[in-house]
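Written out below as structure tokens is the structure these notes cover.
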Amino acid sequence: MRTTAFHLVTRKETPQDAEIISHQLMIRTGMIRKLGAGLYTWAPLGLRVLQKIENIIREEMNAAGGLEMLMPAVQPKELWKESGRIEDFGGQLLAIHDRAERDYFFGPTHEEVMTDFVRNEINSYKQLPINFYQVQTKFRDEIRPRFGVMRSREFIMKDAYSFHLTPESLEATYQSMKQAYTNIINRIGLDFRCVLADSGAIGGSGSQEFHVIADSGEDAIMYSDTGEYAANLEKCEAVSLLNERKAPTEDLQKVSTPGQKTIDELCDFLKVCNKQTIKTLLFEGVEKPVALVVRGDHSLNEVKAVNLAAVASPLRMLDEEEIKGITGCEAGSIGVRGLDATIIVDRTVANMNDFICGANENDFHFSGVNWQRDANFDSIEDLRDAMAGDPSPDGEGSLQVARGIEVGHIFQLGNKYSTAMNAVVLNEQGKSQALEMGCYGMGVTRMVAAAIEQNHDDKGIIWPANIAPFSVAILPMNYLKSERVKHAADELYENLKAKGIEVILDDRKVRPGFMMSDFELLGIPHQVIIGDRSLDENQVEYRNRTDMEPTKVSRDTIESMLMDSIKV
RNA sequence: CGGAACGUGGCGCAGCCUGGUAGCGCACUACAAUGGGGUUGUAGGGGUCGGAGGUUCGAAUCCUCUCGUUCCGACCA
């Protein structure tokens, strides 16, 4: 490709609405342009990268036995009524209708369409297991799109769906998908972790997420420093930090704490450590209000909370009026003694003794509170966010924290959809049986942004070799005036092209500094600078984008050197 | 959806408070010089100031409504 025949429009200035580096660089390089909130045009440069990622995904999916297909983006509302997921997805569904006022959704995901396809196509256990996938445009009406294509409303996802007669068969395919995802991200060249995850609106029993490690990541992931354990913070098991409950040593005492509302204020006032206190949080329950109790220095994990049977979904904290009605006090003085609510305590809280809590009376707390003697709870659950330094739940090492960008999520759905939508096969005994189902999503557009988050410097993008839009950039100095330079550049360009190398030759009438800055921004891995100065010695200059160290290379060997470093 | 802010050539912004000629930088076009790190000069093209209504002799500027966008909180590949 010659730049004059390509669409290359770079910008020196950072767009005002781009917060994170990948978004900034994608706009500055001209890979994408914004059309509206969460809507982006992929220019030719960006599409080259996107398609490379798609191709790697296709190759690995095919190698793992996946069968590519393509479903409509527009889905009849009736299918969603069958699965009962309209409520789960809520406002994220883009509702549309046709001229006859029939209702449709623009697909945010395709479990329904796929299950419909399969219940018509698959009738016998002999057709199983099978794994279909597609690479397709989705639309989710995110409440707050941001970070460019990282959280856009329209995006491209690879989604796969597998079907099985038995949970064992599902497990086997699930593991092969996990391996395929590992291969994909390794080939793209990114640092990632596979972590345990909450399955959210998609549902099912078990799921894992693939996170590309980056400081700008929206998720916190916890991992053992010495063991295998890794989980999304929202899922990460938090163990009890106290092995056993010690016997009471203090008497129950009501202490005056005028105006002390937050845990921090209370601890300052009483000169105690926040590890001696508990937080009692009141939520709407299914039958009666629920009090969720965590230690003063811990934070409630909202995903764990909403997953509790006694807690109403969606999660809602009681307001001031409701709190007053139950406790007679304000939010800062709630405590567990004599509280009329279902009391669920965190594992650590269950083992505390001599602790401090609100007295359900404004400006008073209790100290020296002990379970059984002074108060009781209904059950013990894992309620809190795990913290760095906690023992790993599998007993191996302690937990560390990192930020991650979720690029993939794999689920064992079991028969949730097949039962709801009556997708059955006849088994060997001729009996009708609901299908076991798995689904496997990967954010293709997001992967591009994630790759940039992990591979850039102050000058621009540093593309990993396998997804770079071009492998080699030829930068001729004074191409339009020096016949010698033009000849050498054209010759190298044609030779590399003939060998199947993706090469871009900058034949624009721009000055050298401009040209070099442009290609640093673009992040092309291998750059060859050709000018009269080095041609005098029958040499060209080579640099790679990673270290930018210039190396003089003889004209005779530059081609083979490039071929070696690219390893086609 | 709640809270905040912003809409002025393709991009980044000034002008608005105190109403009267629409301006700057980048980008773009042409010419010239320059030619190994975003070079310089000269000359150009491009904006009904988000939209509608109002106040006024006169509105980018003041008022009302509306649309859009972005940022902060609950969702997810």
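Proteins come first, then strands; the chains are lettered A, B, ... in the order of their sequence lines, and each starts at number 1.
Rounding to whole angstrom units, CZ of residue A:F139 and C1' of B:rC76 are separated by 14 Å. Rounded to whole angstrom, the span from the CD1 atom of A:I185 across to the P atom of B:rA77 amounts to 14 Å. B:rG37 atom P lies 15 Å from atom CG of A:D518, rounded to whole Å.
Between the side chains of A:K279 and A:H298, not a single donor N or O lies within less than 3.5 Å of an accepting N or O.
Atoms CG and CD1, on A:D506 and A:I474 in that order, are 10.5 Å from each other to the nearest 0.5 Å.
Of the listed nucleotides (B:rC26, B:rG36, B:rG37), B:rC26 has the atom at the smallest distance from the side chain of A:E13.
Not less than 6.0 angstrom separates the ring centroid of A:Y133 from the ring centroid of A:Y440.
Contact annotation for A:M157: backbone-only contact, meaning every heavy-atom pair under 4.0 Å involves sugar-phosphate atoms and none involves a base.
The pairing partner recorded for B:rU29 is B:rA43, the criterion being a Watson-Crick or G-U wobble arrangement whose two distances lie under 3.5 angstrom.
Cation-pi contact between A:R446 and A:F155: absent, since separation from the ring centre below 6.0 Å together with deviation from the ring axis within 45° is not met.
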What one-letter contact string describes nucleotides 66-72 of chain B from 5' to 3', where B marks a base within less than 4.0 Å of any protein heavy atom, S marks contact via sugar-phosphate atoms alone, and - marks no contact? ---SSSB
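Near RNA chain B, defined here as any heavy-atom distance below 4.0 Å, the residues from residues 531-539 of chain A are A:G531, A:R533, A:S534, listed numerically.
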